Amino acid sequence: MATLEKIRSKAGLLVTTIGLALFAFIIGDLFTGGQTFWRQSQDKVVTINGERVTTETFQKNVDDMTEIYKMQSGQNSLPAEYVQQINQQVYENIIREALIGEEAEKLGMSVSKAELADLVSGDHISPILQQMPFFRNQETGAFDKTLLTNFVNSVVSIEAGAEGQAASAELEQARRFWMFWEKSIKKQRLEDKYTSMLSNIIMPNSLDVKAQFEGGVTSVDFVYAKQNLSTIPDSAVTVSKSEITKYYDKVKDLRFKQDATRSIKYFSVDILPSEEDFAAANEDITKAREEFSTTKDVADFVNLNSETPYFDAFVAVNSFPEDERQFVLNGKVDDVYGPYLEENTYKMFRLMAVTSAPDSVKARHIMIPMQDEVKSLQLADSLLNVLNNGGDFAKLALEFSADRNSAQNGGEIGWFTEIAALRGIGLEFKNACFEAPLNKFFTIRTTYGISIAQVTDKTKNIQKAKVAEYAVAVTPSSRTFQKIYGEINQFIAVNNTIEMIDKAAPEKGYNIMIEPNLSGASYNLGTIQDARQAVRWAFQNKPGKISEVFETTNKFIVVAVVGETPAGYTPLAKVESSIKRELAAPKKAEKIVAELSAKNLSSLADYAQAMSSSVDTAKFVTFNTNRITGIGSEAILSGSAPFAQPNQLSAPLAGKNAVYVYSVYNKTESDAPFNAETEKQTLEGNLTYRLMYQSMQVLRNRADIQDYRVNFY
């Protein structure tokens, strides 16, 4: 009872304590939830009209496309520039898909399951699939639907979990390959529908078709003189601030919309080997010289220790550089030449053998893969027997050879040297071909299978030598690396403002570079490759900041942010001078026209003299000509010359880039008959091509697209 009474007496305090605990729990959860929400809201690579694409989604697309590139190229890893291209392609694809998807949804446009099935396995196979080499007949090169059907069935069996077994890595890769292209085909079909709808709206009518034809009937040749607008100084015409502002406001949505940019200064320092590094490399190769000179197993010694592998092949003596050639000609077997320095690499050679033999041989082969050794050997024996009894090598190669490139040419490999054979098919093939007598059929087991070969020709015997090369590259040591890094760090520690760096850099030998409009999508700084980390830093820091030292493949970089331009429109101040030049152009043309007209000149030669130019010729110009040879795009000429009277001098005409005076000296009328259907197809093709590009540009200009890739990639 006493305990209960005590609890009752403290009830108010207890309730308060519990309430505070509950409040702390709730508010803590709220803050935690808020942090989670904040992190989620920041997880965006790009937003398109408010819809965000997360890093997970973006990375999955990148991974899928990377796998496709690897499968198609046969590479296990991709160069850095490929990775950059894939990231950019994925970004563009995401935007394109989103914008066209929005428009299609408004129009009730979609791609049904039945329609997609028809594109991938029905009667209207997508051109994307038809163009893939995987689905083309190796003999004819034509699309083979059976190959596609077999591939699709294998993928379906994976998805169905055939026989309850997990798919092999190879089949799983095939499934990913198929899913990628199936999705791409669906996107492409939707885009085709959208473009087709737009095309039908603006497709040419009969009058357009007739005008297109008539615009190409009359062709003229003319002589002309011109005065470039640049001959008039900018000070000779006046362009007001209000004109510039008005023009900027008129075209800024089309021309001056931009992503965020940074203005930066940077300098780079090459990571080069020091004198100590050269001395160390020289010492290494000097120590290796004795063993290199005496070892019985040169190939293993070179392959284990040298920068270059051992090539067990004879090479024409006359193909060696002069010093090495003299060594080969005058030395004895097992003599060593070097070491010597060549382009940051110490080298030495050991003469392994000399001979007189053909430099090259010409051969053909039938390659049989070793999928089943017994069956492959039996097939090789059978084919060899057929050939020895007069069989047609070319037909057998076309039917049985796994090397389809040579099979299409009767099994012919062509001419090759020992080195080429060694690098191409292997040591066994090289040895057999250079030792075989002419026209004899023989078999060779290689890493690719069994080749039935025949040497059909040889060059005459020449001096050849087999040499072993031992090379030690001079590379910056960790000590050199740290020394260069330390010097740069010390420099930016002492010179900790942009102004101080500008002043001190020349004394240190650092060349300050300027990038006034660095894009967040950039991976490079000028000619410096793989500088993405420096670009990211520039977008994550404010003007006045100086970066730490960044490392690329062979350089250190230091970056300073000078200015920033937010996403939106390029500021008028940055484009004012270019707008002023643009607006000044027609005023300059008007001034030139007025001055020339006032002179009342009567010949083209007089005009050329007044224009400080010469008389030139343009030929085959029609109303439909877009670009005139030697002149470029000048509508004033292609629009008027075909209708001018021959041998009459035109008045001075203001063009985009110059003022022209011309005289037509030849006019030709085409007698080609009018074919409405042909003309329509040509016009439709031109319009559709322009429409595909311009419609996407319109959608992009209307859209609110925010690029955040620089925060993650």
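Since the model is a prediction, treat every value here as computed from it, not as a measurement. No hydrogens, no waters, no symmetry mates; every other heavy atom, side chains included, goes into these values.
- Checking side-chain atoms of R532 against main-chain N and O of Y713 turns up a donor-acceptor pair under 3.5 Å.
- Separating the NZ atom in K265 from the CD atom in E515 is a distance of 13.5 Å, to the nearest 0.5 Å.
- For N524 (side chain) and D530 (main-chain N/O), a donor-acceptor pair under 3.5 Å exists by modelled atom type.
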List the atom pairs, donor and acceptor, that lie under 3.5 Å between side-chain atoms in residues 315-335 and the rest of the protein, sequence neighbours left out.
| unit_1 | atom_1 | unit_2 | atom_2 | d |
| --- | --- | --- | --- | --- |
| S319 | OG | A316 | O | 2.6 |
| E322 | OE1 | R325 | NH2 | 2.3 |
| E322 | OE2 | Q326 | NE2 | 2.9 |
| E324 | OE2 | Y340 | OH | 2.8 |
| R325 | NH1 | F320 | O | 2.7 |
| Q326 | OE1 | N330 | ND2 | 3.4 |
| N330 | ND2 | Q326 | O | 3.0 |
| D334 | OD1 | R350 | NE | 3.2 |
| D334 | OD1 | R350 | NH2 | 2.9 |
| D335 | OD2 | K332 | N | 2.8 |

(request) Begin with the C-alpha distance, continue with both residues' side-chain angles, and end with the deciding distance and a verdict on salt bridge (charged side-chain N to carboxylate O under 4.0 Å, His left out) for E283 and K287. (result) CA-CA 6 Å; E283 183 179 353; K287 287 180 179 178; 3.2 Å; yes
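- Contact annotation: the side chain of F267 never approaches that of N511 to less than 4.5 Å [non-hydrogen atoms, C-beta and beyond].
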(request) Could you walk me through whether K183 and D64 pass the salt bridge (charged side-chain N to carboxylate O under 4.0 Å, His left out) test, one step at a time? (result) CA-CA 11 Å; K183 185 178 179 182; D64 286 345; over 6 Å; no
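- At most 12 heavy atoms of other shown residues, nucleotides or ligands fall within 6.0 angstrom of atom NZ in K395.
- No more than 12 heavy-atom neighbours from other residues, nucleotides or ligands sit within 6.0 angstrom of OH on Y82.
- Atom-to-atom distance recorded for L398:CG and Q408:CD is 6.0 Å, nearest 0.5 angstrom.
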Considering only distance and modelled atom types, tabulate donor-acceptor pairs under 3.5 Å from the side chains of residues 293-300, sequence neighbours left out.
| unit_1 | atom_1 | unit_2 | atom_2 | d |
| --- | --- | --- | --- | --- |
| S293 | OG | R289 | O | 2.7 |
| T294 | OG1 | E290 | O | 3.0 |
| T295 | OG1 | D297 | N | 3.2 |
| D297 | OD1 | D300 | N | 3.3 |

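- With N282 contributing its side chain and F278 its backbone, the two residues share no donor-acceptor pair below 3.5 Å.
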(request) Go through the steps for V386 and L396 under the test side-chain contact (heavy atoms from CB on, under 4.5 Å), then give the verdict. (result) CA-CA 9 Å; V386 171; L396 293 174; 3.9 Å; yes
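- The only member of D284, T286, L341 that meets side-chain contact (heavy atoms from CB on, under 4.5 Å) when paired with Y346 is L341.
- In terms of modelled atom types and a separation under 3.5 Å, the side chain of Q533 and the main chain of E551 share a donor-acceptor contact.
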(message) Is there a side-chain contact (heavy atoms from CB on, under 4.5 Å) between F434 and V455? Walk through the geometry before answering.
(response) CA-CA 8 Å; F434 278 84; V455 175; over 6 Å; no
(request) Go through the steps for I425 and H365 under the test side-chain contact (heavy atoms from CB on, under 4.5 Å), then give the verdict. (result) CA-CA 11 Å; I425 302 182; H365 79 146; 4.2 Å; yes
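- Across A313 and K430, no two heavy atoms sit closer than the pair CA-NZ, 4.0 Å.
- Sorted by first then second residue, the side chain to side chain donor-acceptor pair (under 3.5 Å) pairs that include residues 432-445, not counting sequence neighbours, are E373-R445.
- V535 and G520 get closest at one heavy-atom pair: CG1-O, 4.4 Å.
- Side-chain contact between E469 and V302 is absent, with no heavy-atom pair separated by less than 4.5 Å.
- Between the side chains of N87 and Y523, at least one donor N or O sits under 3.5 Å from an acceptor N or O.
- I413 is listed as a side-chain neighbour of F429, based on a closest heavy-atom distance under 4.5 Å.
- Contact check for Y448 versus D403: no side-chain heavy atoms found under the 4.5 Å cut-off.
- Residue L129 comes nearest to V120 through the heavy atom pair CD1-CA, 3.9 Å, listed as atom of the first residue, atom of the second, then distance.
- The heavy-atom pair separating G410 from F393 by the smallest distance is O-CD2, 3.6 Å.
- With contacts defined as side-chain heavy-atom distances shorter than 4.5 Å, the pair E487/V269 does not qualify.
- Figure legend: R423 and F416 shown without cation-pi pairing, the cationic atom not lying both under 6.0 angstrom from the six-membered ring centre and within 45 degrees of its axis.
- Separation of atoms CZ (F58) and CG (D63) is listed at 10.5 Å; rounding is to 0.5 Å.
- Partners of E67 according to the salt bridge (charged side-chain N to carboxylate O under 4.0 Å, His left out) rule, which considers only residues two or more places apart in sequence or in another chain, are K70.
- Proximity of a side-chain donor or acceptor of T355 to a complementary backbone N or O of A357 within less than 3.5 Å is not detected.
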(request) Evaluate the criterion side-chain contact (heavy atoms from CB on, under 4.5 Å) for residue pair E548 and W537; output intermediate values, then yes/no. (result) CA-CA 9 Å; E548 69 267 30; W537 180 90; 3.7 Å; yes
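- For residues 474-484, the set of pairs meeting the side chain to side chain donor-acceptor pair (under 3.5 Å) definition, not counting sequence neighbours, comprises S274-T480, D277-S477, D277-T480, S477-T480.
- Here the CG-CZ distance, from N541 to R262, works out to 9.0 Å after rounding to the nearest 0.5 Å.
- Two residues are said to be in side-chain contact when any heavy atoms from C-beta on lie closer than 4.5 Å; Q88 and Q85 fail this criterion.
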(message) Working note: K464 + D359, criterion salt bridge (charged side-chain N to carboxylate O under 4.0 Å, His left out); need CA distance, chi angles, decisive distance, verdict.
(response) CA-CA 8 Å; K464 298 176 73 176; D359 176 55; 5.0 Å; no
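- S376 places a side-chain N or O within 3.5 Å of a backbone atom of P369 that can act as its donor or acceptor partner.
- What you find for T552 and A531 is that their closest heavy atoms are CG2-CA, 4.2 Å.
- Between the E307 side chain and the A471 main chain, no donor and acceptor come within less than 3.5 Å of each other.
- Contact annotation: the side chain of I128 approaches that of M132 to within less than 4.5 Å [non-hydrogen atoms, C-beta and beyond].
- Of the possible polar contacts, one joining the N388 side chain to the L384 backbone as a donor-acceptor pair under 3.5 Å is found.
- In this structure, CD1 on I285 lies 10.0 Å from NZ on K347, to the nearest 0.5 angstrom.
- A distance of 7.0 Å separates CD1 of I125 from OG1 of T149, quoted to the nearest 0.5 Å.
- Side-chain contact check for V472 versus T345: every heavy-atom pair is 4.5 Å or farther apart.
- Across every non-hydrogen atom of I452 and A380, the tightest pair is CD1-O, 3.6 Å.
- Listed by first and then second residue, the side chain to side chain donor-acceptor pair (under 3.5 Å) pairs involving residues 453-463 are R364-Q454 (not counting sequence neighbours).
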